[in-house]
Chemist: 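Pasting in a structure now, in structure tokens, and then I'll have a few things to ask.
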Amino acid sequence: MIIGMGLVTYIPRMLPFVLFKGKELPPFIQGVLKNVPYATLGALIFPAIIFIQKDDLLYGVLGAAVAFIAAFLGANVIVVVLGSIAVLTLYSYLM
Amino acid sequence: MADLALGKESSPFRRGVQAGISIGIGYFPIALTFGLLAKTTGLTIYETVLMSMIVFAGASQYISLSLIAYGTGIIEIILTTFIVNIRHFLMSATLNEKAEEDRLPNKLAYSFMITDETFSVAATQEGKISTGFLFGLNLVAYSSWVVFSGVGHLIGASLPQTLQESMGVALYAMFVGLLVPSMKRSMKIVFLAALGAVFNTIFTMGELMAQGWSIVTATLLSAILVEAVEVLKNRHRGVSDEE
């Protein structure tokens, strides 16, 4: 089972490098691919971040708020991660 | 303009390792929690570490644990893993454009270690990225994931429950930390991320498709829409003002 999971995970990871090797993609496609990271990040964060505690949505909202505010103020990624964990731990102790 | 190796300050590999440290730290709580959950699901430490070594994809590993707990069949678990990880196809296609040209075996090696996180860090770098950078970045992330999966299996249960729960935010907080600085730089990126988030929320909340497909579809829709709007805008003006 683990090997099967490994295989189906590796195939989409390596296929583009084989398929598109040495080819010049059309400018529009190149533009779309440049956009992919930011569109993916948006989709990876929402809605999942809200539902980290399925029975307490405030928990996720609070975590998201802390992360966004910390990142907006210019905090390093590590600080954003540890800060969100710290605030949510505090929140659980207080509730 | 090819600067040869003479005056460079640090090797691409070393810069990759440095960039990978934030991922390594970000993975710490997630891998730890994975190890812990794997133990409560009944996996041995050997199976836990092996899964992290061979699959190396957090979300699908978590999902596989809940499927194992439900008693789901092996084929369904593998199929779900495929659907959840199909989004890496888009990421690899993007990195293939952004990475410098190199021998195929090298690309096949580093492509094994592409995750949401290593991709996000690599893709938000300025300019082209080198093979050395990708190896440095990916190796730190990979080692952290594998080692802390094992550590989580060993000691995870002794962490306080509230801390274990709050660590669930770590992954998302890291994505936020990677995204927001770019959003401050460009309005286009704000639109891309917002559209990706809105589409994905509609698809998953409306239960229109499985989560793996939903992320891929939302990403593509957002990336294509924003690009099309920009092309139209530039055609009107005849000049391009952004990257």
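Each chain gets a letter, A, B and so on, in the order the sequences are listed, and its residues count up from 1. Atoms considered below: every heavy atom in the structure, side chains included; atoms not considered: hydrogens, waters and symmetry mates.
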Chemist: Once rounded to the nearest 0.5 Å, what's the spacing between atom CD of E230(B) and atom CG of N35(A)?
Modeler: 7.5 Å
Chemist: Grab the two heavy atoms, one from T94(B) and one from P37(A), that are nearest each other, plus how far apart they are.
Modeler: CG2-CD, 4.2 Å
Chemist: Would you mind reporting whether F119(B) and V36(A) have side-chain heavy atoms less than 4.5 Å apart?
Modeler: yes
Chemist: So what's closer than 4.5 Å to chain A heavy atoms on S120(B): side chain, backbone, both or neither?
Modeler: side chain
Chemist: Most heavy-atom pairs under 4.5 angstrom with chain A, which of S182(B), A197(B), G196(B)?
Modeler: A197(B)
Chemist: Could you tell me whether the side chains of S166(B) and T89(A) share a donor-acceptor contact shorter than 3.5 Å?
Modeler: yes
Chemist: Looking at chain B, which one of L88(A), V66(A), V32(A) has the largest number of heavy-atom pairs inside 4.5 Å, strictly under?
Modeler: V32(A)
Chemist: So does I74(B) have more than 12 non-hydrogen atoms from other groups sitting under 6.0 Å from CD1?
Modeler: no
Chemist: Hey, does L108(B) have a side-chain heavy atom less than 4.5 Å from the side chain of V18(A)?
Modeler: yes
Chemist: If you apply the rule side-chain contact (heavy atoms from CB on, under 4.5 Å), what do you find for V81(A) with F175(B), and how did you get there?
Modeler: CA-CA 9 Å; V81(A) 171; F175(B) 292 141; over 6 Å; no
Chemist: For the OG1 atom of T162(B) and the OH atom of Y93(A), what is their distance to the nearest 0.5 Å?
Modeler: 3.5 Å
Chemist: Counting a contact as any heavy-atom pair under 4.5 Å apart, which residues of residues 40-47 of chain A contact chain B?
Modeler: T40(A), L41(A), G42(A), A43(A), L44(A), I45(A), F46(A), P47(A)
Chemist: Kindly indicate, with the supporting measurements, whether the criterion side-chain contact (heavy atoms from CB on, under 4.5 Å) is fulfilled by I224(B) and F28(A).
Modeler: CA-CA 9 Å; I224(B) 293 174; F28(A) 184 79; 4.3 Å; yes
Chemist: After noting the C-alpha distance and the side-chain angles of E97(B) and L25(A), does the key distance pass the side-chain contact (heavy atoms from CB on, under 4.5 Å) rule?
Modeler: CA-CA 9 Å; E97(B) 285 291 306; L25(A) 292 172; 3.1 Å; yes
Chemist: Rounded to the nearest 0.5 Å, how far does OG1 of T9(A) lie from CD of Q61(B)?
Modeler: 8.0 Å
Chemist: Where on A194(B) is there a heavy atom nearer than 4.5 Å to chain A: the side chain, the backbone, both, or neither?
Modeler: neither
Chemist: So what's closer than 4.5 Å to chain A heavy atoms on L43(B): side chain, backbone, both or neither?
Modeler: neither
Chemist: Any heavy-atom pair between the side chains of M1(A) and I77(B) that's under 4.5 Å?
Modeler: yes
Chemist: Please determine, among V79(A), I52(A), L82(A), the option with the most heavy-atom pairs under 4.5 Å with chain B.
Modeler: I52(A)
Chemist: Taking all non-hydrogen atoms of both residues, which atom of G74(A) and which atom of K184(B) are closest, and how far apart?
Modeler: N-NZ, 4.2 Å
Chemist: If you take all heavy atoms of V8(A) and I78(B), which pair is closest and at what distance?
Modeler: CG2-O, 3.6 Å
Chemist: Please check if atom CG in L73(A) has more than 12 non-hydrogen atoms from other residues, nucleotides or ligands closer than 6.0 Å.
Modeler: yes
Chemist: Rounded to the nearest 0.5 Å, what's the gap from CE on M5(A) to CG on L79(B)? Could you check?
Modeler: 12.0 Å
Chemist: If I measure from the heavy atoms of chain A, does M205(B) come under 4.5 Å with its side chain, its backbone, both, or neither?
Modeler: side chain
Chemist: Side chain, backbone, both or neither: which part of D102(B) has an atom under 4.5 Å from a heavy atom of chain A?
Modeler: backbone
Chemist: Report which part of F51(A) has an atom under 4.5 Å of a heavy atom belonging to chain B: side chain, backbone, both, or neither.
Modeler: side chain
Chemist: Should S92(B) and L15(A) count as side-chain neighbours, where that means a heavy-atom distance under 4.5 Å?
Modeler: no
Chemist: For chain B, which candidate among G63(A), S92(A), P12(A), A71(A) shows the most heavy-atom pairs at distances under 4.5 Å?
Modeler: P12(A)
Chemist: Under 4.5 Å heavy-atom distance to chain A, tell me which part of F191(B) shows up: side chain, backbone, both or neither.
Modeler: neither
Chemist: Show every salt bridge (Lys or Arg N to Asp or Glu O under 4.0 Å) that has at least one partner inside residues 108-122 of chain B, sequence neighbours left out.
Modeler: R87(B)-D116(B)
Chemist: Between L50(B), L104(B), L90(B), which residue shows the highest count of heavy-atom pairs closer than 4.5 Å to chain A?
Modeler: L104(B)
Chemist: Counting only non-hydrogen atoms closer than 4.5 Å, does L195(B) touch chain A with its backbone (N, CA, C, O), its side chain (CB onward), both, or neither?
Modeler: neither
Chemist: What part of F17(A) lies closer than 4.5 angstrom to a heavy atom of chain B: side chain, backbone, both or neither?
Modeler: both
Chemist: Between F68(A) and V180(B), does the side-chain contact (heavy atoms from CB on, under 4.5 Å) criterion hold? Intermediate values first, please.
Modeler: CA-CA 7 Å; F68(A) 269 99; V180(B) 170; 3.6 Å; yes
Chemist: Do the side chains of Y10(A) and S111(B) get nearer than 4.5 Å, heavy atoms only?
Modeler: yes
Chemist: Heavy-atom distances under 4.5 Å only: say whether V169(B) touches chain A with side chain, backbone, both or neither.
Modeler: both
Chemist: Do you know which of S84(A), A64(A), A75(A) has the most heavy-atom pairs under 4.5 Å to chain B?
Modeler: S84(A)
Chemist: Can any side-chain N or O of R13(A) pair as donor or acceptor with the backbone N or O of F112(B) at less than 3.5 Å?
Modeler: yes
